[in-house]
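Okay, so here's the structure we're looking at.
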Protein chains: 2
Amino acid sequence: MKTKRQVQKEATRLHILETAYQIYAEEGFSATTNQIAKAASVSHGTIFVHFPTVENLIVCLLDDFNAEINGQLHGLSEKNEQLETFLEAHINVLIRYEAFYKRLISEVNSLPQEAKFVFINMQSIVSFHFNQVIERCKNEKTVKEIPMHIIFNSWLGLVHYYLTNSYLFTEGSVLTEYKEELICNFIKLIEK
Amino acid sequence: MKTKRQVQKEATRLHILETAYQIYAEEGFSATTNQIAKAASVSHGTIFVHFPTVENLIVCLLDDFNAEINGQLHGLSEKNEQLETFLEAHINVLIRYEAFYKRLISEVNSLPQEAKFVFINMQSIVSFHFNQVIERCKNEKTVKEIPMHIIFNSWLGLVHYYLTNSYLFTEGSVLTEYKEELICNFIKLIEK
DNA sequence: CATTTCGTTGACTCCGCACTCAGTGACTTT
DNA sequence: AAAGTCACTGAGTGCGGAGTCAACGAAATG
């Protein structure tokens, strides 16, 4: 049985993480602990009660994010799906977290090493599912004979390019707006 | 006729820009004016004699870089070149500035707005040359019927993806190591 | 009810940043 | 050669960041 205190503490911790997620999505990872504290309506010191350093806060946040994304991608490739359905599902997941994901991919390189590892892990899960779907397509001989990793990197490269340069394309959600175009043309590229 | 002083001043300015280029390539744009001053063996204040703010220093640096890249790309598409030759030339230019270019593409979003404009300009020059070559290929019916901008964005997306995630692929120069693979497979993707 | 525990607070310290400016001496001008 | 100019200097300033800690009071304990 949890005491009132324990419940409160966990709630505060979660609240800080959720607020940090929002702030980082809006401002990028250069946002300060001050901003987060203010937005979460807790004192500045409270953040350091729950997380020894900002780096630790970011790593915890990414761990949670990673788990969330994995949960959503789970079983995505097992239902004998079409490539098109799979790509659409992938984009749909990204749309749900678009603002944050965009910051993440364009700023990973300036994040702590540990955070980078979490990100790599995230990518490899996507890669795994992608692999399964493409292998199936290759067996059905509908896809060109091109190394798997090139196909995967082309897809992720294209999606990430639209995300990081979204200001070139639209003011709203690039993924929502270009989803069909991206999927349809990518399939045209890789099919025989 | 230039006085000794003018010559000296211009030399110092150029020296600061060159040093900043080196430091930013190595450390990213979060490198400080202190680091640059130390590396250039000038006093900290000297930087602000030549550039009113760090932002201005970065914008001047990018202007120079932009001019340099443009110079190298100039006439690249006019010689009735093959697509393969063009892509290789493009990569070769990037290899020459790889470390800096890598920092640039992964940090533009956190650079001052003015710097972003210079970057957009750079991209559009590449796009222009790319366009010419692809249009020629389309006339020769060797390339799929896919919108020009998708082809261009796929290429740049792929190259940028390898650059920003270079730590996944190699410790040295990704472009040098994966040049052939990227070019050859990209051509396979877009050809009929 | 008295005592102890502990989640929370916010004023505080320390640090490193961009940027300043009075001073200096080599160069330029007259 | 005297007077004036100006590129360069580096200690100094103000600012805003991350992280600290004595103090508080509600919750837990006996």
Side-chain angles (χ1 to χ4, degrees), chain A residues 1-62 103 107 110-115, chain B residues 1-24 26-62 103 107 110-116:
Chain A
M1 165 68 189
K2 279 181 186 170
T3 65
K4 224 178 183 181
R5 272 186 182 159
Q6 283 173 306
V7 172
Q8 177 56 36
K9 191 173 185 182
E10 277 173 35
T12 305
R13 189 192 134 96
L14 192 64
H15 179 57
I16 292 173
L17 282 173
E18 281 167 353
T19 310
Y21 172 87
Q22 289 295 339
I23 297 289
Y24 285 144
E26 285 163 26
E27 312 275 334
F29 287 93
S30 59
T32 66
T33 44
N34 249 315
Q35 282 177 272
I36 296 170
K38 208 167 278 180
S41 305
V42 298
S43 118
H44 183 219
T46 304
I47 291 180
F48 296 93
V49 170
H50 294 273
F51 308 95
T53 62
V54 189
E55 292 210 355
N56 180 263
L57 167 65
I58 292 177
V59 171
C60 291
L61 180 53
L62 287 190
R103 295 293 184 177
E107 297 177 33
S110 48
L111 257 38
Q113 193 58 40
E114 217 181 320
Chain B
M1 164 68 190
K2 279 182 183 168
T3 65
K4 227 177 181 180
R5 268 184 186 164
Q6 284 174 305
V7 172
Q8 176 56 37
K9 193 175 183 182
E10 276 172 35
T12 306
R13 190 191 133 95
L14 192 64
H15 179 58
I16 292 173
L17 282 173
E18 280 167 352
T19 311
Y21 173 87
Q22 289 295 340
I23 297 289
Y24 285 144
E26 286 163 25
E27 312 276 334
F29 288 92
S30 59
T32 66
T33 45
N34 248 316
Q35 282 177 271
I36 295 170
K38 209 167 277 179
S41 304
V42 298
S43 119
H44 185 218
T46 304
I47 291 180
F48 296 93
V49 169
H50 295 272
F51 309 95
T53 61
V54 190
E55 292 209 354
N56 181 261
L57 166 64
I58 292 177
V59 171
C60 290
L61 179 54
L62 287 190
R103 294 295 183 175
E107 296 177 33
S110 48
L111 257 38
Q113 192 59 40
E114 218 182 319
K116 227 161 150 175

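From a predicted model like this one, the values you see are computed outputs, not experimental measurements. Chain letters run A, B, ... following the sequence lines, proteins first, then strands; residues in each count from 1.
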Any protein N or O atoms within reach of nucleotides 3-7 of chain D? Criterion: under 3.5 Å, listing atom names and distances.
{"from": "D:dT5", "atom 1": "O2", "to": "B:Arg5", "atom 2": "NH1", "distance (Å)": "2.8"}
{"from": "D:dT5", "atom 1": "O2", "to": "B:Arg5", "atom 2": "NH2", "distance (Å)": "2.4"}
{"from": "D:dC6", "atom 1": "O4'", "to": "B:Arg5", "atom 2": "NH1", "distance (Å)": "3.1"}
{"from": "D:dA7", "atom 1": "OP2", "to": "B:Lys9", "atom 2": "NZ", "distance (Å)": "3.2"}

* Would you mind classifying the nucleic acid contact of B:Thr3 as base, sugar-phosphate or nothing, using non-hydrogen atoms under 4.0 angstrom? => sugar-phosphate

* Given side chains that start at C-beta, do those of B:Leu62 and B:Leu111 come closer than 4.5 Å, heavy atoms only? -> yes

* Mind listing the residues from residues 51-62 of chain B sitting with a heavy atom below 4.0 Å of DNA chain C? Number order is fine. => B:Thr53, B:Val54

* Asked: Quick one: side chain to side chain donor-acceptor pair (under 3.5 Å) pairs with a partner in residues 49-60 of chain B, sequence neighbours left out?
  -> none

* Tell me, please, which residues at least two apart from B:Thr3 pass side chain to side chain contact (heavy atoms under 4.5 Å, CB included). => B:Arg5, B:Gln6

* Of all the heavy-atom pairs spanning A:Ala39 and A:Ile23, show the shortest one and how long it is. => CB-CD1, 3.6 Å

* To do: Taking ring-ring contact (aromatic ring centres under 6.0 Å, His included) as the test, write out the residues that go with A:Tyr24, two or more places apart.
  => A:Phe29

* Asked: Which residues pass the side chain to side chain donor-acceptor pair (under 3.5 Å) test with A:Thr12, sequence neighbours left out?
  -> A:Gln8

* To do: Residues of residues 17-37 of chain A with any non-hydrogen atom less than 4.0 angstrom from an atom of DNA chain C: list those, numerically ordered, please.
  => none

* Asked: What residues form a ring-ring contact (aromatic ring centres under 6.0 Å, His included) with B:His44, not counting sequence neighbours?
  -> B:Phe48

* Structure fact -> A:Ile47 and A:Ile16 have their tightest heavy-atom pair at CA-CD1, 4.1 Å

* To do: Report the C-alpha separation of B:Leu57 and B:Leu17 in whole Å, then their side-chain angles, then the decisive distance to 0.1 Å, and conclude whether the side-chain contact (heavy atoms from CB on, under 4.5 Å) test is met.
  => CA-CA 8 Å; B:Leu57 166 64; B:Leu17 282 173; 3.8 Å; yes

* Residues two or more places apart in sequence or in another chain: which of them pass side chain to side chain contact (heavy atoms under 4.5 Å, CB included) with B:Ser30? -> none

* Pairs meeting criterion salt bridge (charged side-chain N to carboxylate O under 4.0 Å, His left out) with involvement of residues 26-48 of chain A, two or more places apart -> none

* Structure fact -> Min and max contacting nt of DNA chain C in 5' to 3' order, chain B heavy atoms within under 4.0 angstrom, are C:dC17 to C:dT28

* Of B:Lys4 and B:Gly45, whose closest DNA chain C nucleotide lies nearer the 5' terminus? -> B:Gly45

* To do: Mind checking salt bridge (charged side-chain N to carboxylate O under 4.0 Å, His left out) for B:Glu10 and listing every partner two or more places apart, or none if nothing turns up?
  => B:Lys2

* To do: Please name the pair of heavy atoms, one in B:Ile36 and one in B:Thr19, separated by the smallest distance, quoted to 0.1 Å.
  => O-CG2, 3.8 Å

